[in-house]
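Report on the following structure.
All of these numbers come straight from a predicted model, not from anything done at the bench. Both counts, for ligands and for their atoms, begin at 1 and track the order of listing.
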Amino acid sequence: MIDIPVLIVGGGPSGLMLANELGARQTPCLLVDAKPSTAFNPQANATQARTMEHYRRHGFAHEIRARGLPSDHPTDIAYFTRLCTYELARLSLPTAAQAVSNIRNMSGSWSAAELPHRISQKYVEPVMRRHAEKWPGVDIRFGWTLTRFQDQGTHVEAWIQPTGGSQPEVMVRARHLVGADGPRSGVRHQLGIGYEGATGMKRGYMGGQMFAVYFRSPEVYARIPHGRAWMYVAVNAERRALLASVDGVSEFAFHAAIHEGERAEEWTAADARRIVHQVMGCEIDMEVLSVQTWTAGHALVAQSLARGRVFLIGDAAHLFTPTGGLGYNTGVEDAVNLGWKLAALHHGQAPEALLGTYASERKPIAQRNTGYSRQFADSVGLLPATELLEQDSPAGEAERARASEHLNAHVRLEFNIPGVTFGGRYDGSPVIVSDGTTPPADHPNVYQPTATPGGRPPHAWLADGQSLFDRLGLGWSLLVLSPPEGPHGSGDYEVTALQAAAASRGVALQVVRLSEPGLLALYEAPLTLIRPDHIVAWRGQHANDATAVIDQVLGWQL
Ligand SMILES: Cc1cc2nc3c(=O)[nH]c(=O)nc-3n(C[C@H](O)[C@H](O)[C@H](O)COP(=O)(O)OP(=O)(O)OC[C@H]3O[C@@H](n4cnc5c(N)ncnc54)[C@H](O)[C@@H]3O)c2cc1C
């Protein structure tokens, strides 16, 4: 029998991120995944900026950015009738190398430590796995399947077995079980929790069955007579599809809409070539690496993200249509939210009740983000793609101009989303101490930095070139801000009181004193308490009752 504080079922990005969050906080966990190793297929191909900031918090954002596309590969998103014919619209975005330097000079909505990175999930997962495995208490077992479990009230009993079922089961006794087991989550099913929301939405693109092809062809770039992009989207009456570069050289992920009456589940590599050629509008030599079908058109969230000692994260908790690239990113943030809470409980810093805030904080975010993905899918997928679009005539030209106008607006709606990535908030959470201020309105394309408790702390680059977030690290931080010309060490009484209150709960509160110009105005208060998941929990001029503040944010008042 294995006795472990946390059993994680599923080694996709959500489960692997949770293993990192727990390992970094000396909270032992066992992760099992039925597959022999991390994902082979490219799957998600966009890592959002907030996710990159979380990877940076763990010290591996630079490793992620070094993978995927070569550092000088454009990350443009471009729209065509067919990839080898008319270009309709384009959003030019920086290369990975430019992203690292550009972000230092960006402000407003893009005031951040990291920009997004265009990288296939298949490259992200091995980095996450390697970093999780370096922690002594983390045991990662690919090739192991969870067969069943029982919540016993005081603990969970679960049975795992080497995948295939020919070897005996092993019993795991865990304090908590986390289902990070993807869209078909057996954990969610065993709990009897269904998805709610919208499903089965029909659109010309990103609504209905899709055919995914992962292929290798060194010819693609040479054959497309347009500027290089990271994602190529085809809009024509015959077949709508996208092609995303996986390695920037010869590997591509391709997703095409399947039409009524087509039996794509029976399609072979030869069919894959036929469909790719149709969408490209020209022939290429290609080696098919894998084909599969999947369904777009979901905007689903589990009825409940937790029951008893069992939690759901990632696709097990919500199912997206990939527009906006939010499924995997929302899963990573679930893990970030749950990770520090499980660790706080393990170390006796917080009561069991703190874990209840996982579902109450994350379910509204899952609803918000699935809603945004649905809005993006409607914007692109309901655009009528007529035969006129490809006609070499004045009427065809006019049709292309109309489509260009729409797609040029759409691409900025879907792919310039600082508001979605930085603007998720936990207002109203019982472990957030409201100061009565109202945060800016939620908008997918605009993020207005604010230290109003409940959201991401505003970012700033410091005089020594470091990111403010690098000073915060993995634990609780108290940001103490003073004006550049003012006395240093302001707020000493409160700092000592808050540190003492935190220490009485076993929390080492890190004090970060800064006097950079503009910081105090940005945070609008000299004291800001920041959670381990980089969320403002409290801010103020004074902490008159430091114990009450600390006890509320750790869940002792629940
Ligand atoms: C074609 C495609 C394109 C996509 N594009 C994007 C995109 O651009 N951006 C984006 O954000 N998202 C995208 N997604 C979605 C993204 O891939 C998922 O949101 C992401 O993989 C979810 O991660 P996860 O860790 O929650 O689940 P998964 O990655 O599904 O991992 C779940 C794991 O659980 C394991 N498992 C299941 N049952 C058991 C069991 N009983 N015992 C042990 N292990 C088990 C599975 O083997 C699997 O490895 C795309 C998905 C697809 C299919």
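- Residue Leu146 has at least one N or O atom closer than 3.5 Å to an N or O atom of ligand 1.
- Among all protein heavy atoms, the one lying closest to atom 45 (C) of ligand 1 is Ala34 N, 3.9 Å.
- A cation-pi arrangement, defined by a distance under 6.0 Å to the six-membered ring centre and an angle within 45 degrees of its axis, is present between Arg188 and Tyr195.
- Scanning all heavy atoms of the two residues, the minimum distance from Ile8 to Ala180 falls at CG2-CB, 4.2 Å.
- Contacts with ligand 1 closer than 4.0 Å are made by no heavy atom of Ala212, backbone or side chain.
- Side-chain contact of Gln26 with His346: a donor-acceptor pair under 3.5 Å is absent, judged by distance alone.
- Partners of His226 under the side-chain contact (heavy atoms from CB on, under 4.5 Å) rule, at least two apart in sequence or in another chain, are Phe80, Glu87, Arg90, Ile224.
- Of the protein's non-hydrogen atoms, the one nearest atom 18 (C) of ligand 1 is Asp315 OD2, 3.3 Å.
- If you check which protein heavy atom lies closest to atom 9 (N) of ligand 1, you get Gly325 CA, 3.2 Å.
- Not a single heavy atom of Phe320 sits less than 4.0 Å from an atom of ligand 1.
- Side-chain polar atoms of Asn45 and Trp230 form no donor-acceptor pair below 3.5 angstrom.
- A donor-acceptor contact shorter than 3.5 Å is absent between the side chain of Ser373 and the backbone of Gly324.
- Arg412 places a side-chain N or O within donor-acceptor distance of the main-chain N or O of Asn408, the cut-off being under 3.5 Å.
- Counting only heavy atoms of the protein, atom 36 (N) of ligand 1 lies nearest to Asp181 CB, 3.9 Å.
- The single protein non-hydrogen atom nearest to atom 30 (O) of ligand 1 is Gly182 CA, 3.6 Å, given as residue, atom name and distance.
- Heavy atoms from both the backbone and the side chain of Tyr328 come within less than 4.0 Å of ligand 1.
- The single protein non-hydrogen atom nearest to atom 35 (C) of ligand 1 is Asp33 OD2, 3.4 Å, given as residue, atom name and distance.
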- request: List the steps, then state whether ring pair (Phe, Tyr, Trp, His ring centres under 6.0 Å) holds for Phe252 with Tyr221.
  value: CA-CA 11 Å; Phe252 296 88; Tyr221 290 123; 5.4 Å; yes
Pair up each side-chain donor or acceptor in residues 200-208 with any protein partner under 3.5 Å, not counting sequence neighbours, and list the distances.
unit_1 : atom_1 : unit_2 : atom_2 : d
Arg203 : NE     : Asp378 : OD1    : 2.7
Arg203 : NH1    : Met206 : O      : 2.6
Arg203 : NH2    : Asp378 : OD1    : 3.0

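- For atom 17 (O) of ligand 1, the closest non-hydrogen atom of the protein is Gln121 OE1, 2.8 Å.
- Judged purely by distance below 3.5 Å, without hydrogens or angles, the side chains of Ser37 and Arg129 pair a donor atom with an acceptor atom.
- Contact annotation: Ala180 has at least one heavy atom less than 4.0 Å from an atom of ligand 1.
- The residue Leu16 has no part lying near ligand 1, judged by heavy-atom distances below 4.0 Å.
- The protein heavy-atom contact nearest to atom 5 (N) of ligand 1 is Ala44 CA, 3.3 Å.
- Residue Pro13 places a heavy atom less than 4.0 Å from ligand 1.
- The closest approach between any non-hydrogen atom of Pro183 and ligand 1 is below 4.0 Å.
- Neither the backbone nor the side chain of Met210 has any atom closer than 4.0 Å to an atom of ligand 1 (non-hydrogen atoms only).
- With a 4.0 Å cut-off on non-hydrogen atoms, His255 touches ligand 1 through its side chain and not its backbone.
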